[in-house]
Amino acid sequence: MTAIIVVGAQWGDEGKGKATDILGERVDYVVKPNGGNNAGHTVVVGGEKYELKLLPAGVLSENATPVIGNGCVVNLEALFEEIDALEARGANASRLKVSANAQLVAPYHQVIDRVTERFLGKRAIGTTGRGIGPTYADKVSRIGIRAQDVLDESILRQKVEAALNQKNQMLVKMYNRKAVDPEEVVQYFLSYAERLEPMLIDSELVLNRALDEGKSVLMEGGQATMLDVDHGTYPFVTSSNPTTGGACVGSGIGPTRITSSLGIVKAYTTRVGAGPFPTELFDSWGEFLQKTGGEVGVNTGRTRRCGWYDSVIARYASRVNGFTDLFVTKLDVLTGIGEIPICVAYDVDGVRHDEMPMTQTDVHHAVPVYETMPAWDEDITGCRTFDELPQKAQDYLNRLEELSGCRISYVGVGPGRDQTVVINDVLAG
């Protein structure tokens, strides 16, 4: 029995897709436990680049069964568009399964997401506008639509009408918008019922039975720790729990069954959307990281904000998630830059903070405290073992490991699946 959780340790876009893809070739199930089509992965297979949004990265595995877990919110239109696009390129998505308990994104969720963001003005969160937050809000308010509801038209209609009784009042009276026709929403969902039904499973039962039979399950979290609605830089966060604990909830696999928790960190730091970012760079180095690292959001097309490695964030993520291992991605981007700054602490109004400040105010006022290390000039894209890396690259990784409070087990030295240095294999044994 093996149950591994892959979690972003920064603000997302760390390269979780690559990590999941590498491990997904050797497991039986790959599960997406949270998020929706706002959580993208880029995976390079055989020189081909795939940009996945709602689908688990395991959909590109020849062996694993990909599963959209109960903790996800599913836009059916986006789901089938993504499947069709993949299959048009020769990929096989026929093994995909969807939890019957996953929540569905309704057209009115997207409308509400966009109008509320505009209403917030300067206080806007920077959402993707895809209706993710409103869908999770309805889930918690117990007026959400679940995937299984498309199989029962009567229940579906009752739930849609109940939700719109409230939402139409808000849309018309608060936002001066046209009311949404419940029947149009019902027919929208029913139009996907025939195609969705064969995919639906009792995912909690299927996954736990798989573990009982000695099979392996990999959970790939969307977004990242610092976007967690409880543990992230609130309120500039997502609407789910993209942490190790959230993966257990979103998959139905209990925490005592988890064998490894793998945190994904870039060799530097990036963020998309609004919110605090202590190590953000506004100079030529920020432009260098953006251009050299190809830092553009998979889902949004927005340029990512870039900064140096933040070990305060990494330590916090290691603690909150209980990471057993780290996967450092994009180390090759730092080749030949002379010196590499590492944020080791924050200065907040003259007070040094070695750990995450407790209050939102202090996080916003945090100024990074840096130490520097020499960079390497050698091309590392062909390295496959730790000993093959230049000594300066080894020193940098050793320092990151020391500062982050967790062992580094994998290092990405290029975009390809094979461009990975494996130090400790979490699937071994």
Side-chain angles (χ1 to χ4, degrees), residues 29-39 52-56 58-59 65-84 86 93-110 113 130-164 167 182 184-210 217 219-222 238-242 246-253:
Y29 290 86
V30 177
V31 185
K32 182 172 182 174
N34 75 286
N37 60 320
N38 63 330
L52 305 176
K53 297 177 181 179
L54 182 55
L55 294 174
V59 74
T65 297
V67 178
I68 294 176
N70 60 277
C72 291
V73 293
V74 181
N75 180 317
L76 293 178
E77 181 179 4
L79 172 66
F80 291 116
E81 283 181 356
E82 192 169 348
I83 290 173
D84 292 343
L86 271 186
S94 63
R95 296 186 306 277
L96 177 68
K97 300 299 178 185
V98 179
S99 171
N101 289 337
Q103 296 281 317
L104 297 184
V105 179
Y108 52 77
H109 290 133
Q110 297 171 71
D113 198 356
R130 289 175 167 84
I132 306 303
T135 307
Y136 275 115
D138 277 6
K139 174 183 179 178
V140 176
S141 297
R142 300 179 295 278
I143 56 172
I145 313 298
R146 297 196 294 183
Q148 61 180 279
D149 294 333
V150 303
L151 306 182
D152 189 320
E153 184 174 344
S154 176
I155 287 180
L156 176 64
R157 182 169 279 104
Q158 292 175 44
K159 289 189 174 183
V160 170
E161 289 176 350
L164 284 176
K167 296 182 190 307
E184 289 183 4
V185 177
V186 170
Q187 293 306 317
Y188 165 82
F189 282 131
L190 291 178
S191 69
Y192 295 105
E194 184 176 352
R195 194 171 180 188
L196 179 64
E197 183 174 6
M199 299 179 179
L200 296 181
I201 61 169
D202 181 342
S203 57
E204 297 91 336
L205 179 63
V206 169
L207 295 173
N208 278 285
R209 280 187 173 172
V217 176
M219 288 158 274
E220 56 161 286
T238 192
S239 302
S240 61
N241 293 105
C248 290
V249 174
S251 64
I253 296 174

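Residue numbers run from 1 in the order of the sequence given. All heavy atoms count here, side chains included; hydrogens, waters and symmetry mates do not. Since the structure is predicted, the reported quantities are computational estimates derived from the model, not experimental observations.
Remark: Lys167 pairs with Asp138 by the salt bridge (Lys or Arg N to Asp or Glu O under 4.0 Å) rule, at least two apart or across chains. Contacts of Thr238 classified as side chain to side chain donor-acceptor pair (under 3.5 Å), with partners at least two apart in sequence or in another chain: none. With sequence neighbours excluded, the residues that form a side chain to side chain donor-acceptor pair (under 3.5 Å) with Ser99 are Ser203. Under the rule for a side chain to side chain contact (heavy atoms under 4.5 Å, CB included), the partners of Leu151 that lie at least two apart in sequence or sit in another chain are Glu197, Leu200. For Pro107, the side chain to side chain contact (heavy atoms under 4.5 Å, CB included) partners two or more places apart in sequence, or in a different chain, are Val185, Tyr188. For Phe189, the ring-ring contact (aromatic ring centres under 6.0 Å, His included) test picks out no residue, with sequence neighbours left out. The side chain to side chain contact (heavy atoms under 4.5 Å, CB included) search around Ser239 returns Tyr136, not counting sequence neighbours. Residues meeting the side chain to side chain contact (heavy atoms under 4.5 Å, CB included) test with Ser154, sequence neighbours left out: Asp152, Gln158. Remark: Glu204 pairs with Asn101 by the side chain to side chain donor-acceptor pair (under 3.5 Å) rule, at least two apart or across chains. Partners of Arg146 according to the salt bridge (Lys or Arg N to Asp or Glu O under 4.0 Å) rule, which considers only residues two or more places apart in sequence or in another chain, do not exist here.
Across all their heavy atoms, Gln103 and Gly144 have their closest contact at OE1-CA, 3.3 Å. Heavy atoms only, all atoms of each residue included: Gly252 and Asn208 are closest at O-ND2, 2.9 Å. Nearest heavy atoms, Gly58 versus Glu220: N-OE2, 3.6 Å. Nearest heavy atom pair, residue Asp149 against residue Leu156, reads O-CB, 3.4 Å. Here the closest non-hydrogen pair linking Gly69 and Ala102 is O-CB, 3.6 Å. Among all heavy-atom pairs drawn from Arg130 and Gln110, the shortest one is O-CG, 3.4 Å.
Applying the side-chain hydrogen bond (donor to acceptor under 3.5 Å, both in side chains) rule to pairs touching residues 70-84 yields Asp84-Arg195, sequence neighbours excluded.
Here the OG atom belonging to Ser240 is positioned 8.5 Å from the NZ atom belonging to Lys139, to the nearest 0.5 angstrom. Here the CG-CD distance, from Asp202 to Gln148, works out to 9.5 Å after rounding to the nearest 0.5 Å. To the nearest 0.5 Å, the span separating OH on Tyr192 from CE on Met199 amounts to 12.0 Å. One finds the OH atom of Tyr108 at 8.0 Å from the OG1 atom of Thr135 (value rounded to the nearest 0.5 Å). Here the CZ atom belonging to Phe80 is positioned 9.0 Å from the OG atom belonging to Ser191, to the nearest 0.5 angstrom. Atom CD1 of Ile145 and atom CD1 of Ile155 lie 10.5 Å apart (nearest 0.5 Å).
Remark: side-chain polar atoms of Asn34 are not paired, donor with acceptor, to backbone N or O of Asn241 under 3.5 angstrom.
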Fill in: Stepwise side chain to side chain contact (heavy atoms under 4.5 Å, CB included) test for Leu86 and Leu52
CA-CA 9 Å; Leu86 271 186; Leu52 305 176; 3.9 Å; yes
Fill in: Full working for side chain to side chain contact (heavy atoms under 4.5 Å, CB included) between Ile83 and Leu55
CA-CA 8 Å; Ile83 290 173; Leu55 294 174; 4.1 Å; yes
Fill in: Val217/Ile253 under side chain to side chain contact (heavy atoms under 4.5 Å, CB included): CA gap, chis, key distance, verdict
CA-CA 10 Å; Val217 176; Ile253 296 174; 3.8 Å; yes
Discussion item. Under the criterion side chain to side chain contact (heavy atoms under 4.5 Å, CB included), I'd like the reasoning laid out for Lys97 against Val206: C-alpha separation, chi angles, the key distance, then a yes or no.
Written reply: CA-CA 10 Å; Lys97 300 299 178 185; Val206 169; over 6 Å; no
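At least one side-chain heavy atom of Asn37 sits less than 4.5 Å from a side-chain heavy atom of Ile132. Between Val74 and Ile68, the closest side-chain pair of non-hydrogen atoms falls below 4.5 Å.
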